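Take a look at the structure set out below.
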Amino acid sequence: MFRKIRNRFFKPKPGSVAYNREMARKLNGRTIKYVTERLENTDIVIGHSGALIVRGDEFIVFSSSDIVFRAKVDELQASELLSLEGVILTAPDYEHGGVERKIIAYYTYFLKTND
């Protein structure tokens with residue numbers, strides 16, 4: 001209960017480790033319709049249907065029966081789309097050699113919560 005009261009008045013700053021952990025916790029378990037990767041001026045679909053999962057200190061995007069993105073929670077920059085229908089994730093992707101990638105995961109459904 002204290003955490004909810006504290007979070008109402010003292011929200012972590014975007015980019016901080018506390019903010020990254022809070023966003024990962026919020027996104028954990030969300031189901032997704034599809035995932036795209038942003039490359040320079042285009043978006044490419046890299047997976048269909050799946051979920052956003054936190055396992056230990058890693059954030060995993062599971063889509064098309066495969067792990068399409070895996071990053072450390074503390075390094076993950078996550079920001080929801082203005083429509084709240086998805087999330088933009090940027091971090092080194094350890095599933096693909098540690099190269100920094102920007103992907104967008106679109107939720108299967110939208111359910112507004114007051115977190």
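Computed from heavy atoms alone, side chains included, the values below leave out hydrogens, waters and symmetry copies. All values reported here derive from a predicted model rather than from experimental measurement.
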Taken to the nearest 0.5 Å, the spacing of Phe62 CZ from Glu95 CD works out to 10.5 Å

Are Tyr107 and Glu80 linked by a side-chain donor-acceptor pair shorter than 3.5 Å? yes

Worksheet item: Salt bridge or not for Glu37 and Arg101, using N-O below 4.0 Å?
Response: yes

May I ask you to decide whether Arg25 forms a salt bridge with Glu22, counting only side-chain N to carboxylate O separations under 4.0 Å? yes

Worksheet entry | Same apolar cluster: Val35 and Ile53, side chain cutoff 4.5 Å | no

Correct closest heavy-atom pair for Ser63 and Ile32 would be CB-CD1, 4.4 Å

Shortest non-hydrogen pair, Pro92 vs Gly98, comes out as CB-O, 3.5 Å

For Leu89 and Ala78, the nearest pair of non-hydrogen atoms, with its separation, is CD2-CB, 3.7 Å

**Request:** State whether Arg70 and Asp93 are salt-bridged, where the test is any N-O pair (Lys NZ or Arg NE/NH1/NH2 against Asp/Glu carboxylate O) under 4.0 Å.
**Result:** no

Worksheet item: Is there side-chain contact between Ile104 and Tyr34, with heavy atoms separated by less than 4.5 Å?
Response: no

message = Between Leu81 and Val87, is there a side-chain heavy-atom distance shorter than 4.5 Å?
response = no

So CG of Asp74 and CG of Asn20: to nearest 0.5 Å the spacing works out to 7.0 Å

- Counting distance only, does the side-chain N/O of Asp57 pair as donor-acceptor with the main-chain N or O of Lys72 below 3.5 Å? no

Here the pair of heavy atoms bringing Val61 nearest to Leu52 is CG2-CD2, 3.7 Å

CZ (Arg38) and CD1 (Ile44) are apart, to the nearest 0.5 Å, by 12.0 Å

Closest heavy-atom pair, Val73 versus Glu58, reported as atoms and distance to 0.1 Å, is CG2-C, 3.8 Å

query: Any donor and acceptor pair, going by atom type alone, linking the side chain of Thr31 with main-chain N or O of Ala51 inside 3.5 Å?
result: no

In terms of heavy-atom contacts, Ala71 and Tyr94 come closest through CA-CD1, 4.1 Å

When rounded to the nearest 0.5 Å, the distance separating CE of Met23 from CG of Leu76 is 8.5 Å

